[in-house]
Amino acid sequence: MRELTYTQAISEAIREEMKRDDTVFQIGEDIGPVRKRPELWNQFMKIRTWQTPISESGFTGLSVGAAMTGLRPITVIMYCDFVGVCMDPIVNQAAKIHLMSGGEIKVPLVIRTPAGAGTREGGHHSGSLESWFVHSPGLKVVMPSDPCDAKGLMKSAIRDDGPVIYIQHRILHGMGKRPCPEGEWVVPLGKAAVKRPGTDITVVGVSVGVMKALEAAEKLAGQISVEVVDPRTLVPLDVDTILASVKKTGHLLVVHDAPRRGGVGAEIIRRVVEKGFGLLKKAPKVLGSVNTAMPYSPPLEDACLPQTSDVVKAIRDVLG
Amino acid sequence: MRELTYTQAISEAIREEMKRDDTVFQIGEDIGPVRKRPELWNQFMKIRTWQTPISESGFTGLSVGAAMTGLRPITVIMYCDFVGVCMDPIVNQAAKIHLMSGGEIKVPLVIRTPAGAGTREGGHHSGSLESWFVHSPGLKVVMPSDPCDAKGLMKSAIRDDGPVIYIQHRILHGMGKRPCPEGEWVVPLGKAAVKRPGTDITVVGVSVGVMKALEAAEKLAGQISVEVVDPRTLVPLDVDTILASVKKTGHLLVVHDAPRRGGVGAEIIRRVVEKGFGLLKKAPKVLGSVNTAMPYSPPLEDACLPQTSDVVKAIRDVLG
Amino acid sequence: MSHQFGRRDFLRAAAVTGAAASLALAAAPPPPVRNLVEMLRLMRKIRHFEEVLTGLYKYESFLSQGDIVGDMYDFASKGIIAGAVHLYIGQEAVAVGVSAALNPDDFVTSSHRGHGHAIAKGAALGPMMAELMGRKTGCSKGCGGSMHIFSKELGLLGGNGIVGAQIPLAIGAAFSAKYRGSDQVAVAYFGEGASNQGTFHEALHMAALWELPVVFVCENNLYAASTAAEITLAIPNVAERGAGYGMPGHIVDGQDVLAVYAAASAAVERARAGGGPTLLECKTYRFTSHAGAGRGQHNNPEELKVWLNRDPIALFEKKLRDDGVMTAAEQEGLKQQVLAEVEEAVAFAKNSPFPTFDEMPVTPDTDLLA
Amino acid sequence: MSHQFGRRDFLRAAAVTGAAASLALAAAPPPPVRNLVEMLRLMRKIRHFEEVLTGLYKYESFLSQGDIVGDMYDFASKGIIAGAVHLYIGQEAVAVGVSAALNPDDFVTSSHRGHGHAIAKGAALGPMMAELMGRKTGCSKGCGGSMHIFSKELGLLGGNGIVGAQIPLAIGAAFSAKYRGSDQVAVAYFGEGASNQGTFHEALHMAALWELPVVFVCENNLYAASTAAEITLAIPNVAERGAGYGMPGHIVDGQDVLAVYAAASAAVERARAGGGPTLLECKTYRFTSHAGAGRGQHNNPEELKVWLNRDPIALFEKKLRDDGVMTAAEQEGLKQQVLAEVEEAVAFAKNSPFPTFDEMPVTPDTDLLA
Ligand SMILES: Cc1ncc(C[n+]2csc(CCOP(=O)(O)OP(=O)(O)O)c2C)c(N)n1
Ligand SMILES: Cc1ncc(C[n+]2csc(CCOP(=O)(O)OP(=O)(O)O)c2C)c(N)n1
Ligand SMILES: [Mg+2]
Ligand SMILES: [Mg+2]
């Protein structure tokens, strides 16, 4: 199959959806090559990409209003951490208007935001805030872990009639080329994927956590048979696929970049324990980053973030 | 003992701390009786209470800057839902500056915000967002469930050298007078309280969840012996007291107003399962509100929010 | 400098005349007689809709229990209308004057104080009253409440519980109109208090930068909740802020419905013609308390007396009589018609069932109960 | 109207002279000779500190892999200085001119582009270089990095990774000074791009309303990342926005350190005297690319050529020679001293150990590992 990088896959999905649907456009900071003022609007209109002032709450609110009135915006928040300045239009407006309007008004909006640590950018450029969104009813949350899913999930996100948070991990931007189908390729929201079959333990990876889980599984090959499950979307969450895996393995580990405390790992454990308490042979665990702001210094960042070696260790811990 | 309402207890704590420490002041919207422009600053200075424009991110950021330079602000966000417009100064500034400054700069700040549903105010005035803060390293999170804790925890929050989120549930504002010690009365952060002893099941209540758990326990008195544990602070979390209770009862239910999905209930279950998996005889459960924006219509709001009768039912479910 | 202003400046700033507005803006042709009568009818609809609902809201407050240090905005209703209800009474000329300049398919975003904006744009009283009573027949099936009145067909993009959030939504609707090549215009209604919110700054700026077809209608009623504008605004006129975005800003007499209409028509036509956005500051006043369906105590009773002399309905009725457009008898008749309509709306609402949980319009795939 | 502006207007707006500034403001007495030399030394410190660190940053970009639709701001460094590093080269006159007007205990909040603001306020090069290398001896023990330079004793309240967040922090420091009755003044440095952020609006307004002792220094370098100001600013001069808050706004030649000093002194003295805040817009230019330690491609090479003719260091050195304050030889000597200092800083940093996890300054009771 033809290969693409993660960001190329996202670009292709957006381009194809723009072709397919005139109402799809992209808006955000520092995107698009526009340089001259005259005919600003027409320059943007040509590339269906609006380069905004640094006004996240303003242009995210604008996107919600546009989505309420017939368009399908893809709104780019340059770094996930920046949502701190524009949570309101996302969680109070986009997420709630469908219900508050009695179901009359839909908000087909994609919020696309690169996230994650590991790039030595320090406390304000390392966030993974998916659990804020998972806890905000009305939003769907998508976190692709490879170019194939990145393309297919972006198409589903754009075509969805509600607000979708699309979180792309920066480390995955650099993962290199991987197979990715050409043309129409849609991955449905709410379907997990078993990225590596195994029998001894279920490791649920979130975003870059999948990459680390697969590396760990490879390292343990021969000793421990690790099944790697990628939920791909956290809302809706395909808990059945996770339960089916746990039924087989009896052990569960969740791996993500976000801090352990209050992370989605806890939510996944709640869901599994609630329906599959009896399936678990040992205590399930979450491997997330340390509960601290992300320090800049490379050795400190490495110590605070789950590394592949930590996943290996955690797998052994869970199996006891 | 002398009795106070929940808000009177908060007022008393703030007044006493203002007397005790000149650097303590309060800032927020619509607080304080100032009416005339001349001598604005002096009017505010007299009551140590600044009545702000509607500029949450501005005055919350102002509070962080003031806390970095020798003051101890108590910043009021009128409704918890409004933090959507000012998450950045809270989670990126207040919470991270201590680490990002190499520990040189402290941010002794209290963010005080009424929260919770049940008052028929609809989708923008019913939020309980504690789990966003629990997931934001660098913050402490306090949720008193009665006047006694409200006073003692406010004093600890004000005296703490880091940022503390103090969430007061609106329904508790109306709970009526309860015993509350006069003068110096400090409840330490990170100590849970057993609000009712029992032997059959541990019900961890968060904020108004404690009230509902106590009512349910009363209804079940004679049939089921319910132990009600109030963590009082979610960060730091006194997991040992919860574990000690679960060790005794073998069963766990967590009750809160916030949506189940990604709520603090999931985090409490993660912590308990991690250390006390073997103590649990049955699957632990979380009772939270339905995963939706809060509807206005009273019967719908009642259906979406955990009621005392739901707690009773959930207790029976857990015990199977 | 800010400290040179006093209450007098604010009141003086508020006491502008319709003339000032028409001076500031190309005068629009006065509306035909039929429309004049319809404008009065809409003003009365707003007034009586709210007067009547007030009787259905049983105000309760915990405020006395705390004190100024610990108090929060606490109140409840034990009536069949619950929650937080903010009244528009006293400001009717603004919504009606602006709406008279709009097409049916133009967009409106509104605030927590949105009944008047909705009614003026054509919202039916029955479904609105039903919404306030939380009934299944409410315009949001009972899921919205007083602060969240929507109507897709009327271009009502909702009230808003978040002060200032409606301003970016409006530029989004204007963006959408320009993108789709339609000639729709969007209006954002907000208070002077909201003009201190960052969203005001970001939205007005982008609207000017991209010349979006939007009109920003700031209703300066001199208070934000119980806080006087004079202690939270560093300048007496919000209209002055337009200059910071290269946008015209005009002061309008918000008690004079024709002055509002003139200013709004000019701004709307300018927007429709591709001329970009305009900021209109309508000086007006809230005749009741901030929330609790007007049942809380009023911020300033003396001041209120002065403003009651500029009741927008009384002023307009007098003008219509002076101009021989309507007689006092005709006006009384119109009032009675409206009162009857409101009673019908109340009856409709009271006779409507409450929605059940299963009827809540949730999207199936958001694992509601997970 | 916005659409009437073109690039030329922006360049013209940027091409102001020091005269304009002194005209706009009460001229401050020129600094004594010793200070003039120290100002030049600080400008060189900033310039050479950054020139040298650039060599320690091995720029890598993934940008070519995606395309304009999917691209994000992606880059990394394989050098001993990592992460996102934004250079101040070309803007030295602003930080040095402003700092020359400040007391040691005055406060400064800064942006992502903060090296110059820190050095000008007196930050030592060794701990700064060590911070950029993530060492234990760094000013933030390696926990901050390039965007987060703090110093409690110098009143440095940090750079900031969130555009616009530093503006409210500065009014908080000013609030604190006024509350405590001290005569400290706070300065907020931010770019023209940040002036479109809601925090700018909210903070400038509250500062004016409460007459806080703060000076807002907007460094208009004509770009926000790779986005030209002309396509994201509806007005050519950010200074014009002061009026919306009842605050004086002045345009300053940001390449002329003495013009900046004159404007800053007047604004600082006004603030210290209780006269309230001032907005200064310093027209300047970034000589390197946005981030990646200047290693990305520059937004506009032709434009750069023009601005290099107004290199603030060259301009100031010429003035000092013309006024007979320093000879070319003395200036060369000063440059060599500074270069040696920077080399020392590099050596100090390279010889410093990395911090260990246990040395991270976390508060014990936030259950770090929970
Ligand atoms: C973001 C946010 N902050 C605060 C509030 C609480 N609040 C509701 S209405 C109001 C006053 C609004 O004043 P103004 O904008 O002048 O509108 P008015 O009520 O006068 O119509 C406030 C502070 C809110 N709803 N949202
Ligand atoms: C809230 C937020 N939005 C976006 C960014 C990404 N970003 C970093 S610097 C920058 C450009 C800032 O431009 P300006 O304010 O003019 O400062 P300059 O870089 O020119 O010094 C942007 C968009 C950010 N760091 N924070
Ligand atoms: Mg008002
Ligand atoms: Mg710039």
Side-chain angles (χ1 to χ4, degrees), chain B residues 22-23 25 27 37 40-41 44-45 48 50 52-71 73 85-86 88-89 92-93 95-106 109 137-140 160-162 188-190 233 235-237 239 267 270-271 274, chain D residues 107 109 131 138-145 147-153 155-162 164-180 182 184 186 198-207 209-212 355 360-363 365-368 370:
Chain B
D22 286 345
T23 67
F25 71 98
I27 183 166
R37 187 182 198 83
L40 212 46
W41 181 269
F44 290 141
M45 199 70 191
R48 304 256 290 275
W50 272 255
T52 67
I54 305 173
S55 307
E56 284 85 0
S57 60
F59 69 74
T60 305
L62 180 156
S63 303
V64 175
M68 293 168 76
T69 54
L71 302 186
V85 306
C86 59
D88 181 73
N92 281 327
Q93 311 303 325
K96 294 178 178 173
I97 281 170
H98 177 72
L99 181 86
M100 295 191 305
S101 69
E104 226 187 50
I105 295 179
K106 294 186 164 31
L109 165 68
L139 301 176
K140 300 193 184 72
D160 193 90
D161 280 338
L189 306 183
T233 68
V235 180
L237 179 70
V239 73
E267 171 64 7
R270 174 184 75 83
R271 297 289 300 278
E274 199 172 67
Chain D
F107 298 110
T109 70
E131 186 62 31
C139 31
S140 291
K141 301 193 169 68
C143 297
M147 288 187 274
H148 306 287
I149 305 295
F150 289 80
S151 167
K152 195 168 185 174
E153 71 170 316
L156 288 174
L157 302 181
N160 217 301
I162 307 299
Q166 71 273 33
I167 311 177
L169 297 187
I171 72 167
F175 180 100
S176 168
K178 186 165 180 169
Y179 183 107
R180 291 179 287 104
S182 97
Q184 290 160 294
T199 46
F200 167 92
H201 177 70
E202 299 183 9
L204 267 71
H205 177 241
M206 280 187 282
L209 182 66
W210 296 334
E211 299 165 301
L212 301 178
M360 262 174 59
V362 290
T363 33
D365 54 0
T366 51
D367 32 11
L368 194 64

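Below, chains carry the letters A, B, ... as their sequence lines are ordered, and counting in each starts from 1.
- Put simply, the side chain of B/His98 gets close to the backbone of D/Pro361: a donor and an acceptor are under 3.5 Å apart.
- Taking 4.5 Å as the limit, every side-chain heavy atom of D/Glu211 sits out of range of all side-chain heavy atoms of B/Leu40.
- Contacts between B/Phe59 and chain D at a heavy-atom distance below 4.5 Å involve backbone atoms as well as side-chain atoms.
- Across all their heavy atoms, B/Ser57 and D/Glu202 have their closest contact at OG-OE1, 2.8 Å.
- Chosen from D/His205, D/Lys178, D/His148, the residue pairing most often with chain B at heavy-atom distances under 4.5 Å is D/Lys178.
- For a residue to count as touching a neighbouring chain, one of its non-hydrogen atoms must lie under 4.5 Å from one of that chain's; by this rule B/Thr52 touches chain D with backbone and side chain alike.
- Of the listed residues B/Gly103, B/Pro53, B/Ser101, B/Ala67, the one with more heavy-atom pairs under 4.5 angstrom with chain D than any other is B/Ser101.
- Note: D/Leu169 CG to B/Thr69 OG1 = 10.0 Å, rounded to the nearest 0.5 Å.
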Notebook entry, point to check: Yes or no on ring-ring contact (aromatic ring centres under 6.0 Å, His included) for D/Phe175 and B/Phe25, after CA distance, side-chain angles and deciding distance?
Noted result: CA-CA 12 Å; D/Phe175 180 100; B/Phe25 71 98; 5.0 Å; yes
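- The two residues B/Met68 and D/Leu157 come nearest to each other via the heavy atoms CE-O, 3.5 Å.
- Proximity to chain D (any heavy atom under 4.5 Å) is shown, for B/Asp161, by neither the backbone nor the side chain.
- Using a 4.5 Å cut-off between heavy atoms, B/Leu99 contacts chain D through both its backbone and its side chain.
- Neither the backbone nor the side chain of D/Ile167 comes within contact range of chain B, judged by heavy atoms closer than 4.5 Å.
- No side-chain heavy atom of D/Met206 sits under 4.5 Å from any side-chain heavy atom of B/Trp50.
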Start with the C-alpha distance between B/Gln93 and D/Asn160, add both sets of side-chain angles, then the distance that settles side-chain contact (heavy atoms from CB on, under 4.5 Å), and finish with yes or no. CA-CA 9 Å; B/Gln93 311 303 325; D/Asn160 217 301; 2.8 Å; yes
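- For D/Phe107, the part lying near chain B is the side chain, with the backbone staying farther off; criterion is any non-hydrogen pair under 4.5 Å.
- Interface remark: B/Glu267 contributes no atoms to any contact with chain D (heavy atom separation under 4.5 Å).
- B/Ile105 and D/Leu156 make their closest contact through CD1-O, 4.2 Å (heavy atoms, listed as atom of the first residue, atom of the second, distance).
- Both the backbone and the side chain of B/Glu104 come within contact range of chain D, with heavy atoms under 4.5 Å apart.
- When each of D/Ile162, D/Leu212, D/Thr199 is checked for heavy-atom pairs under 4.5 Å with chain B, D/Ile162 comes out on top.
- In this structure, the side chains of D/Phe150 and B/Met100 come closer than 4.5 Å at one or more pairs of heavy atoms.
- Under the 4.5 Å side-chain criterion, counting only non-hydrogen atoms from C-beta, B/Thr23 is not in contact with D/Arg180.
- Closest approach of B/Met45 and D/Tyr179 over heavy atoms only: CE-O, 3.3 Å.
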